[in-house]
Amino acid sequence: MNNPILKRPLGAAAAVSVLALIAACDATAPGAANVQNAAVDAAENNVVAEGPSAEEASAFIEEVETFYREFGEYSARVAWSQATNITYDTDWLVTKVDAEGTEMGVKFANRAKRFNDLELPAEMRRKIESIKLGLNLPAPERAGAAKELAELNTRMGSTYATGKIELDGEQVGRNDLESMMGTVRDPAKLQDIWVKWREVPVAENSAGTTMKEDYASMVALSNEGARELGFDDVGTMWRARYDLPPAEFADETDRLWGQVKPLYDELQCHVRAKLNEQYGDEAVPLDQPIRADLLGNMWAQSWGNVYDLVAPGDADPGYDLTALLAANDYDAKKMVETGEAFFSSLGFDPLPESFWERSQITKPRDREVVCHASAWNMDGADDIRIKMCTKVNSDDFQTVHHELGHNYYQRAYKAQSPIFQGGANGGFHEAIGDMIALSITPDYLQTIGLLDETPDASKDVGLLMAQALEKVAFQPFGLLMDKWRWQVFSGELTPETYNDGWWALRTQYQGIRPPVERSSDYFDPGGKYHIPGNVSYTRYFIANILQFQFHKASCEMAGWEGPLHRCSVYGSKEVGAKFNDMLELGSSRPWPEALEAFTGSPEMDGGAVVEYFAPLMEYLEEQNADRTCGW
Ligand code: X8Z
Ligand code: ZN
């Protein structure tokens with residue numbers, strides 16, 4: 001169901017550029033049928049004796065573009081209907097559209113191969129290569145395979161979104177459980193929630209299978225599809241989207257991780273020591289990885305909710321954004337309006353009226369929905385929306401900016417060919433709103449009336465700690481999610497070793513461990529939205545590097561001279577204009593060009609992260625001086 005060829009580039013579910021399909025096969029698209037027939041003749045029936053021509057490539061591209069436009073809108077509307085109202089029937093519809101889309105996507109990718117050796121202008125070559133990579137999960141061509149794959153994906157997604165959990169004899173909503181992990185401080189209760197959440201991926205579903213079994217079937221089927229398209233496996237195909245040979249891209253992510261790892265290691269060591277003070281030696285032994293349920297988040301992926309437990313004693317206590325929002329009578333809509341106002345201050349047009357009419361901003365009470373936040377562009381133009389189950393807290397204030405970033409990006413590149421309606425790479429799409437949120441500084445909060453007085457800058461180590469618990473803590477998780485999937489798709493991990501392999505990576509990279517022993521029967525990766533949803537995850541790791549590069553570049557543009565963490569570009573039309581230039585490109589140019597145009601350098605670089613957190617690093621090293629770090 002989260003197949004990108006199906007939908008307008010969504011924030012969460014499918015930020016890849018491609019979406020297409022079938023409806024344009026009919027006569028509603030002027031000329032499309034003829035163009036298609038000519039191309040099919042040429043490709044499949046060898047009617048044309050000589051090799052392919054640029055004219056033929058051009059006609060093929062036009063045909064694909066027409067499909068993307070028409071079927072993209074159709075499939076987006078079906079997918080939206082399902083994600084905001086999960087029923088037997090909407091599942092059925094989304095499965096059908098997904099299967100149709102996959103079948104067409106596979107056909108297009110195969111036909112694109114015909115132009116492999118043809119010399120083409122750069123833009124056409126890029127379009128042909130994008131078409132080959134368009135599917136998130138390819139199915140084999142044999143009859144019935146696309147339908148089977150779509151059924152597996154719909155079932156996994158819906159199981160994740162609707163899985164029921166009972167706590168103290170009462171059914172508790174999944175969205176509520178997620179936030180409880182941030183507020184509950186009783187280790188036994190945290191463990192209970194954590195364990196129950198992870199029963200869902202191994203519980204029997206309506207088809208008599210489990211998510212774990214469905215996942216294994218999905219891996220086998222989509223790998224078969226990837227091999228038919230000429231890739232080693234689906235993981236290789238995912239890595240190929242980064243304008244680099246897949247192996248080089250994997251090395252590149254390791255290089256970036258190497259830049260941030262020293263900071264992470266210090267943070268992990270300090271947080272473990274502070275949690276030990278709170279929970280004692282038994283729950284948090286000082287020579288072991290940290291218990292995953294004590295870090296304030298269902299997946300231990302960002303740790304901002306334990307700030308109060310690790311806050312530096314001599315720092316300014318700062319402010320609690322959740323409390324400020326509540327004290328100032330913010331509701332979900334006002335949070336979104338505040339995000340919109342930030343973009344407006346940079347010179348972006350206001351969101352269209354339809355955004356407010358059609359978005360799902362809070363959780364509907366009367367039906368099942370996918371609560372995991374996402375941003376949608378329904379029609380390749382101005383019908384942009386977000387889908388959230390927003391709560392009035394600091395996490396969701398961040399997420400609102402994140403999702404709006406997707407929407408503003410989508411709108412900025414709407415004039416591009418539908419083939420190029422995507423991020424320069426997946427990481428860019430995830431970084432836009434986050435970069436804006438880095439400008440939520442004390443001064444900014446004062447400007448918008450949320451904070452009366454700004455804290456003194458000499459004690460900013462607290463502010464930096466809060467930010468590091470979100471951004472630095474996230475990095476190893478951002479990296480290992482796809483390391484796990486790369487291993488799964490390559491066959492290095494099998495269903496018998498899925499869970500052990502998962503925990504090996506969680507321990508190696510994050511230095512965390514499960515609160516209770518996990519047998520290899522479990523499927524703990526399935527407790528994270530992006531695994532059943534098949535949303536690749538390296539994009540978030542990359543985004544966490546890029547957003548700091550973007551932030552640094554924009555602060556320089558705005559003439560800022562203080563420390564990076566105090567810089568807000570709120571109100572800078574100059575930054576907005578340059579930012580918009582980058583966004584308008586979509587994925588039409590290789591990402592290093594887009595990066596260079598905005599930051600002056602074509603390289604991704606963790607240096608901006610290191611610079612941003614330098615004062616915190618100094619503090620952490622001091623704190624850890626007499627501790628034994630590592631796990
Ligand atoms: O999935 C998301 C967004 C939608 S693209 C809400 N994020 C990742 C996650 O929740 O795991 C944003 C941060 C990482
Ligand atoms: Zn996102």
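When reading the values below, keep in mind they use all heavy atoms of this one structure, side chains included, and skip hydrogens, waters and symmetry mates. Ligands are counted one by one from 1 in listed order, and the atoms in each one are counted from 1 as well. None of these values were measured; they are calculated from a predicted model.
- Salt bridge status for E199 with K196: absent, with no side-chain N to carboxylate O gap under 4.0 Å.
- The ligand atoms of ligand 1 that sit less than 4.0 angstrom from a heavy atom of E430 are 5 (S).
- To the nearest 10 degrees, the angle centred on the Zn ion (ligand 2) between NE2 in H402 and OE1 in E430 reads 90°.
- Some N or O of Y540 is nearer than 3.5 Å to an N or O of ligand 1, by distance alone.
- Between the T390 side chain and the I361 main chain, a donor and an acceptor come within less than 3.5 Å of each other.
- Taking the six-membered ring where the residue is Trp, the centroids of Y413 and F420 are separated by 6.0 Å or more.
- For the pair H406 and ligand 1, the shortest N or O to N or O distance does not fall below 3.5 Å.
- At least one N or O atom of K528, backbone or side chain, sits closer than 3.5 Å to an N or O atom of ligand 1.
- Summarising the geometry, atom OH belonging to Y68 is positioned 11.5 Å from atom CD belonging to Q421; distances are rounded to the nearest 0.5 Å.
- Shown in contact with E403 at under 4.0 Å from a heavy atom are these atoms of ligand 1, numbered in order with element: 3 (C), 4 (C), 6 (C).
- Within H406, the N, O or S atom at minimum distance from the Zn ion (ligand 2) carries the name NE2.
- Of all atoms in ligand 1, numbered sequentially from 1 with element shown, those under 4.0 Å from a heavy atom of Y537 are 8 (C), 9 (C), 11 (O), 14 (C).
- The backbone N or O of F249 lies less than 3.5 Å from no partner atom in the side chain of R239, so there is not a single donor-acceptor pair.
- Checked against the 6.0 Å centroid threshold, Y160 and H372 do not count as a close aromatic pair.
- Residue Q301 approaches ligand 1 through these ligand atoms, each under 4.0 Å from one of its heavy atoms: 9 (C), 10 (O), 11 (O).
- Under a cutoff of 6.0 Å and an axis angle of 45°, R518 and W503 do not form a cation-pi pair.
- In the vicinity of A373, heavy-atom distances shorter than 4.0 Å reach the ligand 1 atoms 4 (C), 6 (C).
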